[in-house]
Asks: 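Got a structure for you, questions after.
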Amino acid sequence: MEEVTGAQLIAEALKAQNIEYMFGIVGVPVIEVAMAAQAEGIHYVGMRNEQAACYAASAIGYLTGRPGACLVVSGPGLIHALGGMANANNNCWPVVVIGGSSDQNQETSGAFQEFPQVEACRLYSKFSARPSSLGAIPSVIEKAVRTSMYGRPGACYVDISGDMVNGKVERKDVRFVSCCPPPPVSMADHTAVMEAFAVLKAAKNPLVVIGKGAAYGRAEGPLRDLVDLGGLPFLPTPMGKGVLPDDHPNCVSAARSRALLQADVILLLGARLNWILHFGLPPRFNPHVKIIQVDLCAEEMGNNVRPAAALLGDINTIASQLLEEIRKDGWKYPSNTEWWTTLKEKMAANAKTTMALSLQPAEPMNYYTVFHHVSQLLPRDCIIVSEGANTMDIGRTMLLNALPRHRLDAGTFGTMGVGLGFAIAAAALQGAQGSGHRVVCVEGDSAFGFSGMEVETMCRYKLPVVIIVVNNNGIYSGVDPQTWSEMAEMGDLTTIAPPVTLLPEARYDEVMRAFGGQGYLVRTVEELRSALQASLSYWEGPSLLNILIDPASDRKQQEFPWLTRSNL
Ligand code: ADP
Ligand code: MG
């Protein structure tokens with residue numbers, strides 16, 4: 001008679017489902033779960049806040065197609081993780097959260113950290129349950145892992161009460177379930193494919209929009225053929241960047257507004273017509289634009305704009321279906337159209353404006369100067385993690401991605417604080433896979449603060465992440481040290497300091513040094529270049545560049561205000 005504990009069963013079940021990474025914070029009642037996971041050969045990464053742990057676990061899901069696990073304690077531990085679950089669900093990324101909870105015989109009695117965890121997770125997940133017995137643990141874990149990946153991916157929650165963690169059961173009384181296979185793949189209906197191809201062929205101003213669903217779906221192969229054979233201009237969404245290289249000749253990112261506004265047919269591949277794509281509506285889109293919508297989620301079809309063709313299924317497969325029609329027909333969108341001329345002229349004009357801003361000799365530097373030099377030094381295959389307001393927006397246009405799933409950012413939910421968790425996950429994977437792509441985390445100073453203590457995690461595991469803090473002393477913008485001290489003399493700062501301000505010239509580089517990482521304070525182009533070069537050649541642990549920029553630096557003039565949509 002062999003007896004096993006609940007903790008062992010959880011660890012074995014996760015291992016059986018090919019879960020390789022667990023991020024979390026231990027405490028009563030889940031310490032044994034983390035230890036059992038390590039005994040099974042699962043990598044356990046101890047973090048400093050459950051929110052960041054959950055961000056990290058979900059990044060594993062996005063990067064590998066199989067969820068990472070996030071392990072948290074009861075009550076507040078689980079509540080901290082909700083932010084990560086909401087973010088994963090919004091991004092359609094798989095993650096499995098395992099939460100310890102109070103002993104069942106103390107429930108409703110005011111137990112330590114008692115909280116209705118299964119109910120609380122419902123709003124942030126696709127599936128939330130507690131196994132009814134120890135013997136049911138493997139099947140509930142399998143269901144959580146499967147549900148997180150199948151259909152539209154998202155977050156799943158499994159609750160384990162403290163008494164179950166250490167409770168024992170005989171092996172023969174456990175229902176073991178083997179590893180669930182990757183999600184089944186479906187093709188689009190043939191008639192819909194023919195309709196879509198007819199719409200595409202009739203386009204005067206076609207545009208392919210590549211979303212992070214295409215990245216997640218690993219559709220880079222057929223999409224490259226589709227763009228090349230079809231001669232089509234394409235525009236990646238923020239995390240669609242890199243599915244095809246940003247420097248591909250058909251990439252029209254530098255004419256984004258113009259491309260969206262004047263396209264008459266848009267092939268929308270794994271991207272929602274939400275705020276990121278301005279709802280697909282005027283004033284940012286042509287009111288008569290025909291959308292060919294490709295998505296695996298039927299409920300997504302027709303959100304905000306009724307598609308001219310709805311192709312339901314896996315992007316990879318559907319891209320191949322469309323390619324087959326293009327090949328059979330021999331069609332190619334001509335390269336000498338007015339549309340291409342318009343796009344190319346706009347791209348050249350925008351590149352000129354950006355270059356002029358980049359080369360402004362001013363000190364302190366502006367955003368454009370910083371990103372100009374950073375982009376020159378970053379390796380082509382690096383993984384770029386980014387968050388912040390201007391830092392993320394300007395950085396996205398200037399830092400190029402050459403490979404799929406090599407950009408992670410604030411995403412659909414616009415979450416600040418994701419960067420360090422994402423970077424830790426990406427770096428942990430690099431170590432395991434030995435491919436050694438450099439992880440570079442480009443943060444605004446405000447964004448960095450949300451999860452800043454995770455630099456200790458990076459130092460502890462010697463993760464070679466390069467953090468670049470673009471420091472403008474505040475949220476959106478701050479003030480210079482002189483203005484700050486004048487304000488302090490005028491009176492109580494809590495009544496007069498602008499709410500957007502953070503401590504001017506805060507020494508984030510010293511935070512990194514406090515834990516043994518490399519820290520650099522940067523004010524000039526020369527300091528920037530030498531600190532970045534030094535960081536990129538250092539692999540023994542993390543580095544942080546604290547780049548003090550002009551607190552008044554802003555984005556270049558934009559054609560449209562942010563977040564507009566017509567009320568029609
Ligand atoms: P972005 O932020 O790049 O605009 P979104 O997250 O809004 O992208 O949209 C991604 C879409 O991709 C979601 O609607 C999701 O259902 C879909 N999706 C995810 N994986 C696949 C896949 N393999 N095939 C088709 N659609 C997918
Ligand atoms: Mg800032």
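When a ligand or atom number is given, it counts from 1 through the structure's own listing order.
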Asks: Scan residues 219-229 for pairs that pass salt bridge (charged side-chain N to carboxylate O under 4.0 Å, His left out), counting only residues two or more places apart or in two chains.
Replies: Glu220-Arg405, Asp225-Arg327
Asks: So between Arg218, Arg152, Lys212, whose heavy atom ends up nearest atom 6 (O) of ligand 1?
Replies: Lys212
Asks: For ligand 1, which atoms sit closer than 4.0 Å to a heavy atom of Asp314?
Replies: 22 (C), 23 (N), 24 (N)
Asks: Is there a side-chain hydrogen bond (donor to acceptor under 3.5 Å, both in side chains) between Glu486 and Thr483? Walk through the geometry before answering.
Replies: CA-CA 5 Å; Glu486 284 165 15; Thr483 311; 5.2 Å; no
Asks: Give the single entry among Thr237, Asp409, Asn316 that approaches atom 3 (O) of ligand 1 most closely by any heavy atom.
Replies: Thr237
Asks: Check for me: within less than 2.8 Å of the Mg ion (ligand 2), which protein N/O/S atoms show up?
Replies: Asp445 OD1, Asn472 OD1, Gly474 O
Asks: Any idea which atoms of ligand 1 are less than 4.0 Å away from a heavy-atom of Gly270?
Replies: 8 (O), 9 (O), 10 (C), 11 (C), 12 (O)
Asks: Output yes when the distance from some N or O of ligand 1 to some N or O of Arg272 is under 3.5 Å, and no in every other case.
Replies: yes
Asks: Indicate yes or no: does Glu363 engage Arg523 in a salt bridge with an N to O separation below 4.0 Å.
Replies: no
Asks: Would you check whether Gly211 has a nitrogen or oxygen atom less than 3.5 angstrom from a nitrogen or oxygen atom of ligand 1?
Replies: no
Asks: Nearest protein heavy atom to atom 24 (N) of ligand 1, by residue and atom, and its distance?
Replies: Ile315 N, 2.9 Å
Asks: Restricting to pairs with a member in residues 247-268, which pass salt bridge (charged side-chain N to carboxylate O under 4.0 Å, His left out), not counting sequence neighbours?
Replies: Asp247-Arg380
Asks: Would you mind listing every salt bridge (charged side-chain N to carboxylate O under 4.0 Å, His left out) that reaches into residues 268-279, with sequence neighbours excluded?
Replies: none
